[in-house]
Each structure stands twice: as C-alpha cells, then as structure tokens.
Amino acid sequence: MVKEINSQELESRLAANEDIYLLDIRSEAEVVAGVLPSSTHLPMHLIPLKITELSPDKDIVLYCRSGARSYHACMYLMQQGFDNVINLRGGIIDWARNGYQLVAYG
C-alpha cells in the first residue's frame with residue numbers, strides 16, 4: 001500500500017525543516033505553471049533512467065497534478081525496493097487550493 005500525505009501535513013513537515021526530497025513528476029509543459037518550493041523536477045517517464053539518483057535514506061514525496069500519476073510512480077518505486085516514497089494526495093491542485101506557496105520553475 002502506498003503511503004500518502006496531505007497538503008497540510010506536508011506543509012507542516014516542510015515548515016519544521018524536515019529533510020524531505022520533493023519530486024515533481026509532471027511534464028515540462030506542466031511545471032511552467034509553478035512548482036512546490038525546493039522541489040526537483042523529474043518527469044515520470046524518466047524515473048526508471050534516474051532511479052539510482054534517488055536516495056533511500058530520506059522520505060521522497062512525489063507529486064503530480066492530481067495525485068494519480070504520483071501514486072502509480074510510488075507503486076513502481078516500491079516495487080524497486082524503495083520504502084521511503086510518499087504520494088502527495090490531491091497533487092499540486094490540492095496544494096494550491098489550500099493556499100500554499102508555488103514558485104516559478106527553473
């Protein structure tokens with residue numbers, strides 16, 4: 001089962017300066033609208049190619065637009081042996097709906 005976090009919990013953990021790796025798996029076209037602060041962009045289709053760059057030592061929160069693609073990406077990473085992946089429930093839509101900060105990509 002995929003671990004999930006909601007926007008409020010994630011914002012609290014980030015505000016507490018927890019060491020979390022935020023991974024935006026949306027496409028290039030999607031990230032121009034903004035990203036979560038301190039996140040890394042890695043389009044979903046590149047995850048298998050870049051899997052060795054992901055740290056097994058800290059929580060990795062994956063997010064997409066609505067939470068569906070990131071859920072599947074978490075499942076894939078779990079199948080590859082990662083037990084530290086967490087899906088952002090509701091994705092960036094829920095994050096923005098709650099009024100949390102988005103920053104320009106790049």
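Throughout, numbering of the chain's residues begins at 1 and tracks the sequence. Values reported hereafter were calculated over all heavy atoms of this structure, with side chains retained and with hydrogens, waters and symmetry mates removed. Please read these numbers as outputs of a predicted model, since none were measured by experiment.
- Using a 4.5 Å cut-off on side-chain heavy atoms (C-beta onward), I51 and Y76 make contact.
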| query | Given K58 and I20, is the side-chain contact (heavy atoms from CB on, under 4.5 Å) satisfied, shown in steps? | reply | CA-CA 6 Å; K58 62 179 166 183; I20 298 172; over 6 Å; no

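- Around the CZ atom of R65, the shell of radius 6.0 Å holds no more than 12 heavy atoms that belong to other residues, nucleotides or ligands.
- Here the closest non-hydrogen pair linking S55 and N84 is O-ND2, 2.9 Å.
- The hydrophobic cluster containing I93 does not contain L10, counting ILVMFWY residues as joined when their side-chain heavy atoms lie under 4.5 angstrom apart, directly or transitively.
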| task | Please report the C-alpha distance between S70 and L88 in whole Å, then the side-chain angles of each, then the deciding distance to 0.1 Å, and finally whether the side-chain contact (heavy atoms from CB on, under 4.5 Å) criterion is met. | result | CA-CA 8 Å; S70 50; L88 176 58; 5.6 Å; no

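- Of the candidates D57, D59, V61, T40, Y21 forms a side-chain contact (heavy atoms from CB on, under 4.5 Å) with just one, namely T40.
- Checked by atom type and distance alone, the side chain of W95 pairs as donor or acceptor with a backbone atom of Q101 at under 3.5 Å.
- For E53 (side chain) and K50 (main-chain N/O), no donor-acceptor pair under 3.5 Å exists by modelled atom type.
- Here L62 contributes atom CG and I5 contributes atom CD1; the two are 12.0 Å apart, rounded to the nearest 0.5 Å.
- Atom-to-atom distance recorded for Y105:OH and S39:OG is 9.0 Å, nearest 0.5 angstrom.
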| field | Stepwise side-chain contact (heavy atoms from CB on, under 4.5 Å) check, V2 with M78 | value | CA-CA 8 Å; V2 173; M78 289 168 62; 3.9 Å; yes

Using a 3.5 Å cut-off and no angle test, enumerate the donor-acceptor pairs between side-chain atoms of residues 22-38 and protein atoms at least two apart in sequence or in another chain.
from, atom 1, to, atom 2, distance (Å)
D24, OD1, R26, N, 2.9
D24, OD1, R26, NE, 3.0
D24, OD2, R26, NE, 3.2
D24, OD2, R26, NH2, 2.7
D24, OD2, Y63, OH, 3.0
R26, NH1, E30, O, 3.3
R26, NH2, G34, O, 2.7
S27, OG, E30, N, 3.3
S27, OG, E30, OE1, 3.3
E30, OE1, S27, N, 2.9
E30, OE1, R69, NH1, 3.0
E30, OE1, R69, NH2, 3.4
E30, OE2, R69, NH2, 2.8

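- In terms of the side chain to side chain contact (heavy atoms under 4.5 Å, CB included) criterion, residue partners of K3 (sequence neighbours excluded) are, by chain and number, I86.
- Between the CG atom in L77 and the CG atom in D83 there is a gap of 11.5 Å [rounded to 0.5 Å].
- L46 places a side-chain heavy atom less than 4.5 Å from the side chain of P43.
- Rounded to the nearest 0.5 angstrom, Q80 CD and T52 OG1 are separated by 12.0 Å.
- Taking 4.5 Å as the limit, every side-chain heavy atom of D94 sits out of range of all side-chain heavy atoms of R89.
- Between the side chain of N87 and the backbone N or O of G67, at least one donor-acceptor pair lies under 3.5 Å.
- The distance from the NE2 atom of H72 to the CE atom of M75 is 7.5 Å, given to the nearest 0.5 Å.
- Y71 and I92 fall into different hydrophobic clusters, defined by Ile, Leu, Val, Met, Phe, Trp and Tyr side-chain heavy atoms under 4.5 Å apart, directly or through other members.
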